[in-house]
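Every number for a ligand or one of its atoms is a count from 1 in the order of the listing.
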Amino acid sequence: MANTILVGAQWGDEGKGKIIDVLTANADVVVRSQGGNNAGHTVIHRGTKYILHLIPSGILRRGKVCVIGNGVVIDPIALAGEIDGLRKFGIKIDRNLLISDCAHLVMPYHRVLDEQRELRKGHAKIGTTKRGIGPAYGDKAARTGLRMSDLMQPVLFSKKLEAKIRENNSILQALGAPAISYREVNESYLAAGRKLQPFVANTVVYLHRALQRGKEILFEGAQGTFLDIDHGTYPYVTSSNTTAGGACTGSGVPPHRMDRVLGVMKAYATRVGEGPLPTEDQGLAEMLHKMGREFGAVTGRARRCGWFDAVAARYATMINGIDELAITNLDGLDQVDSIKVCVAYRLNGKRLQVPPCDATQLDNCEPVYEEFPGWNQSTHSARKLSQLPLAARNYAKCISKLAGARLSIVSVGPERGETIII
Ligand code: GDP
Ligand code: IMO
Ligand code: MG
């Protein structure tokens, strides 16, 4: 397998974790390069459900090295907890995990600020995961953040932390939020730092040595294209570059070492949190929720659901340079008589082929639909394209064609094996 960037090509939760787990069989190293524990990547193997937040989903396969790159924002306590949780499942974590010393830290005041900003926005809230991601990236961009390298130097960390807590407590006080205790944060963060210390390294050097040795690297995107800080439905986005370019800046691996980009798309659309979802459909949401599907892996919120949006998909292919597509959750449409696909938007009497930049305009876009016949039978047991009902096969091929990339994987269930590789 070549060096592959895997991106979410919709609004997140496309099934990236599952596809990463499948592809890791042929990779040597799996890298997270952006986002934080706002991500929830589900892998189900032999009936056990694992939800990964900061650790790459490749960790479940023996002999693979997982890297948390410089572009990720890390809540050290959450990460230490995630390591403990995986160990309880019998997953080995020692020399197979590396954490960049340049990665920024998510601090308790980031989480409180995230919550407070959301509260103050009222109806205009973003619907964040309240994990402090926006404020943490805010500190990074303002050049006032604390990094993993600081945490590895306790005396320096405590000194920097004291100043940060003082600064943030005055902001929190003005917002009417309780002050944060320097002593408690200092103790708990240094304790988490001691747990993480064996994994902290210069991951750029590690990745370049791995490349020199011919190792194959898989870059695990978090969130999705339309949550990208630049290309997404701003301001209803996350605070990192979730698109393919983020894999380079967030890992220190240059663009010319990347061989292919794989986009993951659901056979329909979902979004958790606020912001435009042009093809949103209550009936489809009800059906999927009744099946027990589409509840958030991080916050448990019911995801909003809609029909496959080929306008958005084409744009995602353009931004990310998607060569190949993995279509997931095809089985979610097993009981639908007639399936809609949005092939254009209509806004103020004009037909649009690309999403407008402005979120309000996107919200006002009317989808132009084409209808596809449903197949009304289970697709779970198909392991080859030819074993899918003809209508399901046609549907997967048609949406890939509309998205403008080659179909290379179809997923028909959450388990590792419920996958068709083309
Ligand atoms: P991620 O954030 O992109 O990794 O996606 P999530 O794990 O948040 O959400 C995807 C959900 O779909 C999870 O519950 C997966 O177990 C599930 N899933 C992934 N692929 C399939 C599939 O093909 N069929 C079904 N039924 N579930 C799937
Ligand atoms: P994975 O990697 C789906 C959404 C939030 C909110 C917006 C901003 O599992 O696909 P944030 O907490 O990042 O400031 O929230 O982004 N969001 C996600 N939605 N999947 C995710 O990750 C998400 N991470 C953030 O719901 O709308
Ligand atoms: Mg998720």
Side-chain angles (χ1 to χ4, degrees), residues 6-22 32 34-45 48-54 56-57 72-73 75 106 110-111 113-115 117-118 125-138 220-229 232-240 242 263-277 288 291-304 326-334 378-380 382 396 409-420:
L6 179 143
V7 288
Q10 295 163 315
W11 284 267
D13 301 330
E14 295 90 349
K16 299 177 292 294
K18 177 199 156 154
I19 302 298
I20 286 281
D21 173 65
V22 169
R32 271 282 304 272
Q34 44 71 227
N37 61 337
N38 50 348
H41 296 177
T42 315
V43 179
I44 301 182
H45 181 50
T48 304
K49 183 173 182 171
Y50 306 87
I51 300 181
L52 288 310
H53 300 287
L54 280 159
S57 307
V72 176
V73 288
D75 177 332
V106 179
H110 292 139
R111 280 197 305 276
L113 282 172
D114 193 357
E115 229 174 275
R117 285 179 189 164
E118 285 284 270
K125 71 173 190 210
I126 295 165
T128 73
T129 59
K130 298 191 181 147
R131 297 297 188 271
I133 305 301
Y137 276 114
E220 174 174 351
Q223 291 80 51
T225 299
F226 297 100
L227 293 173
D228 183 283
I229 181 86
T233 58
Y234 193 90
Y236 303 99
V237 292
T238 191
S239 299
S240 63
T242 61
V264 185
M265 296 185 184
K266 273 181 181 147
Y268 47 93
T270 65
R271 171 164 207 163
V272 61
E274 308 304 316
L277 181 64
L288 291 164
M291 291 161 88
R293 306 165 69 119
E294 303 309 344
F295 292 94
V298 175
T299 56
R301 291 177 288 179
R303 295 177 184 144
R304 297 156 62 198
I327 306 259
T328 68
N329 287 274
L330 187 68
D331 55 307
L333 299 176
D334 282 355
S378 172
T379 52
H380 274 306
I409 297 174
V410 178
S411 173
V412 291
E415 281 270 353
R416 190 181 277 176
E418 290 172 322
T419 314
I420 299 169

| Protein residues having a heavy atom less than 4.0 Å from any atom of ligand 2 |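 W11, G12, D13, K16, N38, A39, G40, H41, I126, G127, T128, T129, A222, Q223, L227, V237, T238, V272, G273, R301.
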For [atom], what is the nearest protein heavy atom, given as residue, atom name and distance?
atom	answer
atom 4 (O) of ligand 1	G17 N, 2.8 Å
atom 14 (O) of ligand 1	T42 OG1, 4.0 Å
atom 26 (N) of ligand 1	D331 OD2, 2.7 Å
atom 10 (C) of ligand 1	D13 O, 3.7 Å
atom 23 (O) of ligand 1	S411 OG, 2.5 Å

| query | What N/O/S atom of D13 gets nearest to the Mg ion (ligand 3)? | reply | OD1
| message | Using heavy-atom distances only, which candidate in V22, N329, V272 approaches atom 12 (O) of ligand 1 most closely? | response |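 The residue whose heavy atom sits nearest atom 12 (O) of ligand 1 is N329.
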Check if [X] has a non-hydrogen atom at a distance under 4.0 Å from any atom of ligand 1.
X	result
R303	yes
K266	no
G12	no

Give the contacting part of [X] toward ligand 1: side chain, backbone, both or neither, where contact means a heavy-atom distance below 4.0 Å.
X	answer
V43	neither
R293	side chain
K18	side chain

| message | Using a plain distance cutoff, I'd like to know if I44 has any nitrogen or oxygen under 3.5 Å from a nitrogen or oxygen of ligand 1. | response |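 In fact, backbone or side chain, I44 has no N or O that close.
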| query | What atoms in ligand 1 come closer than 4.0 Å to a heavy atom of V412? | reply | 23 (O), 24 (N)
| task | Would you mind running through ligand 1 and noting each atom that sits below 4.0 Å from a heavy atom of G40? | result | 1 (P), 2 (O), 4 (O), 6 (P), 7 (O), 8 (O)
| task | Using modelled atom types only, decide if a donor and an acceptor are shared between the side chain of R32 and the backbone of V72 within a distance under 3.5 Å. | result | no
| field | Under the side-chain contact (heavy atoms from CB on, under 4.5 Å) test, residues paired with R303 that sit two or more places apart | value |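 With sequence neighbours excluded, R303 shows a side-chain contact (heavy atoms from CB on, under 4.5 Å) to D13, K266, T270, V272, E294, A297, given in chain and number order.
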| message | If the threshold is 4.0 Å, N to carboxylate O, is there a salt bridge linking D21 and K16? | response |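 No salt bridge links D21 with K16.
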| message | Quick check: closest heavy atoms across E274 and K125, and the distance to 0.1 Å? | response |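 In this case the closest contact between E274 and K125 is CG-O, 3.2 Å.
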| Does A39 bring an N, O or S atom to within less than 2.8 Å of the Mg ion (ligand 3)? |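 No, since none of the N, O or S atoms of A39 sits under 2.8 Å from the Mg ion (ligand 3).
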